[in-house]
Enquirer: 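Got a structure here, written out as structure tokens. Questions coming.
Predicted model only: the values in this text are computed from it and were never measured. A, B, ... follow the sequence lines: proteins, then strands. Residue 1 opens every chain.
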Amino acid sequence: DQQVKQNSPSLSVQEGRISILNCDYTNSMFDYFLWYKKYPAEGPTFLISISSIKDKNEDGRFTVFLNKSAKHLSLHIVPSQPGDSAVYFCAASGSNYQLIWGAGTKLIIKP
Amino acid sequence: EAQVTQNPRYLITVTGKKLTVTCSQNMNHEYMSWYRQDPGLGLRQIYYSMNVEVTDKGDVPEGYKVSRKEKRNFPLILESPSPNQTSLYFCASSLSRGGLAGVGEQYFGPGTRLTVT
């Protein structure tokens with residue numbers, strides 16, 4: 001039973017346009033959410049996070065939105081750049097120390 | 001330079017031959033964790049440690065052991081590896097909990113690709 005789901009295995013976006021990556025979760029006890037980015041042959045790197053007391057967090061070109069009632073979060077990248085091509089993972093955490101990860105979405109930025 | 005190091009980066013071994021993958025961090029982080037990454041499954045947590053001598057099971061602990069005798073090191077031990085443990089393994093560390101709760105942003109090592117034949 002996947003508690004964190006990224007239903008799109010891949011996404012292709014034109015350079016300069018907005019990329020929207022989605023993530024759904026089932027466990028209402030999750031209260032902290034993170035996005036990580038991963039290039040081939042490297043470990044994931046932290047991108048942005050949001051706690052459940054907020055519905056939006058912004059960092060430069062990256063914005064994460066949280067809809068608790070829908071148990072849904074999304075990552076917006078504006079504008080998309082070639083270097084954004086990577087696999088993006090959504091992860092969720094609750095009151096314990098475990099981090100539950102989605103399967104990832106491969107983002108391809110087309111020139 | 002702040003980093004998480006893992007060794008070896010690549011390992012091919014045979015079923016039943018004990019092996020250890022080392023992990024070390026130089027950021028004085030309390031929290032450390034091991035993950036395995038398999039196609040279509042994302043990252044799954046194997047074990048984690050909240051501090052020295054404190055470890056706990058993640059989602060997929062079967063067939064693995066860990067120890068945390070020093071803050072900087074968190075080795076992953078496969079006592080009797082089997083082919084279903086063929087995977088890409090990542091070690092990660094973080095300073096503390098983030099937000100209301102949770103483990104905060106984690107720093108990952110470069111990964112260890114293990115093949116068990």
Enquirer: Is it true that A:W35 and B:Y107 fall in one hydrophobic cluster, defined by side-chain heavy atoms closer than 4.5 Å?
Expert: no
Enquirer: Counting heavy-atom pairs under 4.5 Å to chain B, which of A:A103, A:P44, A:G43, A:A91 comes out on top?
Expert: A:P44
Enquirer: So which part of A:L47 gets closer than 4.5 Å to some heavy atom of chain B, the side chain, the backbone, both or neither?
Expert: neither
Enquirer: A:Y36 side chain to B:Q106 main-chain N or O, any donor-acceptor pair under 3.5 Å?
Expert: yes
Enquirer: Treat each ILVMFWY residue as a node, draw an edge where side-chain heavy atoms are under 4.5 Å apart, and state whether A:L34 and B:Y35 are in one component.
Expert: yes
Enquirer: Do the side chains of B:L43 and A:L99 get nearer than 4.5 Å, heavy atoms only?
Expert: no
Enquirer: Can you tell me which portion of A:A41 sits under 4.5 Å from chain B's heavy atoms? Options are side chain, backbone, both or neither.
Expert: backbone
Enquirer: Report the C-alpha distance between A:W101 and B:F90 in whole Å, list the side-chain angles of each, state the deciding distance to 0.1 Å, and finish with yes or no for ring-ring contact (aromatic ring centres under 6.0 Å, His included).
Expert: CA-CA 13 Å; A:W101 296 68; B:F90 290 102; 9.2 Å; no
Enquirer: So which residue, B:Q37, B:R44, B:R113, ends up with the most heavy-atom pairs under 4.5 Å with chain A?
Expert: B:Q37
Enquirer: Does A:L21 share a hydrophobic cluster with A:I48, counting links as ILVMFWY side-chain heavy atoms below 4.5 Å and allowing steps through other members?
Expert: yes
Enquirer: Side-chain heavy atoms under 4.5 angstrom apart, residues restricted to Ile, Leu, Val, Met, Phe, Trp, Tyr: same cluster for B:L41 and A:F89?
Expert: no
Enquirer: Report, as yes or no, whether the 6.0 Å neighbourhood of atom CD1 on B:I12 holds more than 12 heavy atoms from other residues, nucleotides or ligands.
Expert: no
Enquirer: At a 4.5 Å cut-off on heavy atoms, which part of A:K38 comes close to chain B: side chain, backbone, both, or neither?
Expert: side chain
Enquirer: Please tell me whether B:L19 and B:Y47 are part of a single hydrophobic cluster in this structure, the criterion being side-chain heavy atoms less than 4.5 Å apart.
Expert: yes
